[in-house]
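To start, the structure under review is shown below, and the notes come after it.
Order of appearance sets the numbers: ligands from 1, and atoms from 1 within every ligand. Here the structure is a predicted model, which means the values were calculated and not measured. The residues of the chain are indexed from 1 along the displayed sequence. As a basis for the values below, the full set of heavy atoms in this structure was taken, side chains included, without hydrogen atoms, waters or symmetry mates.
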Amino acid sequence: MPITAVVEKNAYEAAMENFDLAADALELDHNVRNMIKSPERVLTVHLPVRMDNGKIHTFQGHRVQHSTARGPAKGGIRYHPHVTLDEVKALATWMTWKCAVVNIPFGGGKGGVTCNPKEMSQVELEHLTRRYASAILPLIGPAQDIPAPDVYTNSQVMAWIMDTYSMTKGYPIPGVVTGKPIALGGSLGRNEATGRGVFNTLQSACEHLHIPMKGARVVVQGFGNAGSIAAQLLHANEACVIAASDSKGCVYNPKGLDIPALIAYKEKTGGVIKFPGSEPITPEQLLAMPCEILVPAALENAVQAENAEALHTKIVAEAANGPLTPEADRILEAKGVFIIPDILCNAGGVTVSYFEWVQDEQHLFWEAQDVYNRLERVMKTSFNDVLKIHLTHKVGMRTAANMLGIGRVAEATVLRGLYP
Ligand code: NAD
């Protein structure tokens, strides 16, 4: 059963459409526009891996560096059966604007391998990861391009990439990836950084809109790393998380789900379905559930023209990348829904990745509270920067965030003298 109604939108086309809207609003010179719009480098690799049954399966993967105008490329690696080059290009493009929105000295990159990690053993995953790391080796490095986890990759995958890269140099180079285990130079607070950043932007949005967080009804689509941690922090701050879902199904309790218990239940059973005290609902019902805050935290295109009208929320906090198509954006804006766009909302992950990289480069590690305080400062400052553009230019929050990010990348590009 497909868990969302329609998924066949091209994320890269959406990224380009949103770019044009913001570039028009900025009245960006067309030469600069062309220079910063397309990816700088695109690499496609084929990865033969011996599977546990002795057969060799050849996987396809990609690494895209969209921009290095403001610093090394930065972006996660996704393992998913639906990974395509266009999806990776879209995700790399969003990373460029995202790093610029939170003003960290990175450009944008992304990687992906078309595979189904849920059907692979740990040994197969390790072989695939090491093969992929070797194949993209010419592109990556602490000063060039720094991968991190994304959907269905984790700190163990980062550890294998760090080791594969370090083997070619003869000494450990932790700064080549972020989202590593703490024992290998990871940062405290990285695992929960995306969810925490989503929470920080929601605090700012609730304050701006005069919506009390206490008692606010919250719906979370995608109860994974980003979604579950945002839910946990919202729950701890007395919001009422009434519905949550993952790839297997959705659960609902109008009185509020016990989020710490749901996290423990998902860890134990591998999913949210049949959580005691909840009732099952369909993915369509979940998205249409009346609430104050909807957190799409799964994949792209969750909300499209076909289902946007059905939403009954005041705020959409985009924990996922690209969960709204441009058509859905227009429909929700017309309905007066306040959108915290992905490149702002989920930027907590890359912000703490930046902190991790700084700590690795300095060999000096920070306490968790130090990470949280710095993260909150970055998220709330960035929220206010975007809000100011939204209010002064009378554009939607997405266009405002894109204007901030694209404007900063354009400025860096011109200053570097790449402009003829
Ligand atoms: P994850 O693998 O931990 O979680 C994804 C969750 O979504 C899983 O629980 C999965 O079952 C669920 N899911 C998948 N398809 C679904 C569907 N159709 N309907 C409902 N649920 C579905 O991944 P994550 O790291 O939490 O990433 C989620 C989103 O957040 C992605 O868009 C990712 O790009 C974005 N993001 C993550 C980070 C990060 O640091 N983890 C940072 C920025 C953005």
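Using a 4.0 Å cut-off to heavy atoms of Arg78, the atoms of ligand 1 that qualify are 31 (C), 32 (O), 33 (C), 34 (O). Proximity to Phe223 (heavy-atom distance under 4.0 Å) selects the following atoms of ligand 1: 9 (O). Heavy-atom proximity to Tyr152, at under 4.0 Å, picks out these atoms of ligand 1: 2 (O), 10 (C), 11 (O), 14 (C). Contact atoms of ligand 1 toward Asn346: 43 (C), 44 (C) (distance under 4.0 Å to a heavy atom of the residue). In the vicinity of Arg190, heavy-atom distances shorter than 4.0 Å reach the ligand 1 atoms 40 (O). Heavy-atom contacts of Asp150 reach the following atoms of ligand 1: 33 (C), 34 (O) (cutoff under 4.0 Å). Here is the list of ligand 1 atoms found below 4.0 Å of a heavy atom in Ser245: 20 (C).
Looking at Lys118 next to ligand 1, no N or O pair under 3.5 Å apart turns up. At least one N/O-N/O distance between Asn225 and ligand 1 falls below 3.5 Å. Backbone and side-chain nitrogen or oxygen atoms of Glu300 are examined, and none is located within less than 3.5 angstrom of a nitrogen or oxygen of ligand 1. Residue Pro149 has no nitrogen or oxygen atom sitting less than 3.5 Å from a nitrogen or oxygen atom of ligand 1, judged on distance alone. In terms of polar-atom proximity, defined here as any N/O pair under 3.5 Å, Ala226 does make such a contact with ligand 1. Geometrically, ligand 1 and Lys110 share no nitrogen or oxygen pair separated by less than 3.5 Å.
Relative ring orientation between His80 and Tyr152 is described as parallel, the plane-to-plane angle staying below 30° on a 0-90° scale split at 30° and 60°. Taking the six-membered ring where tryptophan is involved, the planes of Trp97 and His66 are perpendicular, since the angle between them exceeds 60° and thus also 30°. Taking the six-membered ring where the residue is Trp, Tyr132 and Tyr79 present perpendicular rings, their angle passing 60° and hence far from 30°.
Salt-bridge formation is detected for the pair Asp24/Arg33: a Lys NZ or Arg NE/NH1/NH2 atom is positioned less than 4.0 Å from an Asp or Glu carboxylate oxygen. A salt bridge does not link Lys98 with Asp342: none of the charged nitrogens is closer than 4.0 Å to a carboxylate oxygen. Classification of Arg41 and Asp145 as a salt-bridged pair fails, no side-chain N sitting under 4.0 Å from a carboxylate O.
Counting heavy atoms closer than 4.0 Å to ligand 1, residue Ala302 contributes nothing at all. At a heavy-atom distance under 4.0 Å, only side-chain atoms of Lys266, from C-beta outward, approach ligand 1. Residue-level proximity to ligand 1 for Ala347 is absent, since no heavy atom of it falls below 4.0 angstrom.
Every residue two or more places apart in sequence or in another chain that forms a side-chain hydrogen bond (donor to acceptor under 3.5 Å, both in side chains) with Thr44 is listed here: His62. Residues satisfying the ring pair (Phe, Tyr, Trp, His ring centres under 6.0 Å) criterion with Tyr372, sequence neighbours excluded, are absent altogether.
Geometric assessment of Lys89 against the ring of Tyr12 yields a positive cation-pi assignment under the 6.0 Å and 45° thresholds.
Inspection of the Thr153 and Arg78 side chains reveals no N or O donor paired with an N or O acceptor under 3.5 Å.
Taking all heavy atoms of Thr153, Asp246, Asn301 into account, the minimum distance to atom 20 (C) of ligand 1 is reached by Asp246. Between Ser228, Gly224, Ala297, Gly75, it is Ala297 that holds the heavy atom closest to atom 28 (C) of ligand 1.
Each of Glu318, His390, Glu333 was scored for a side chain to side chain donor-acceptor pair (under 3.5 Å) with Arg398, with one residue passing: Glu318.
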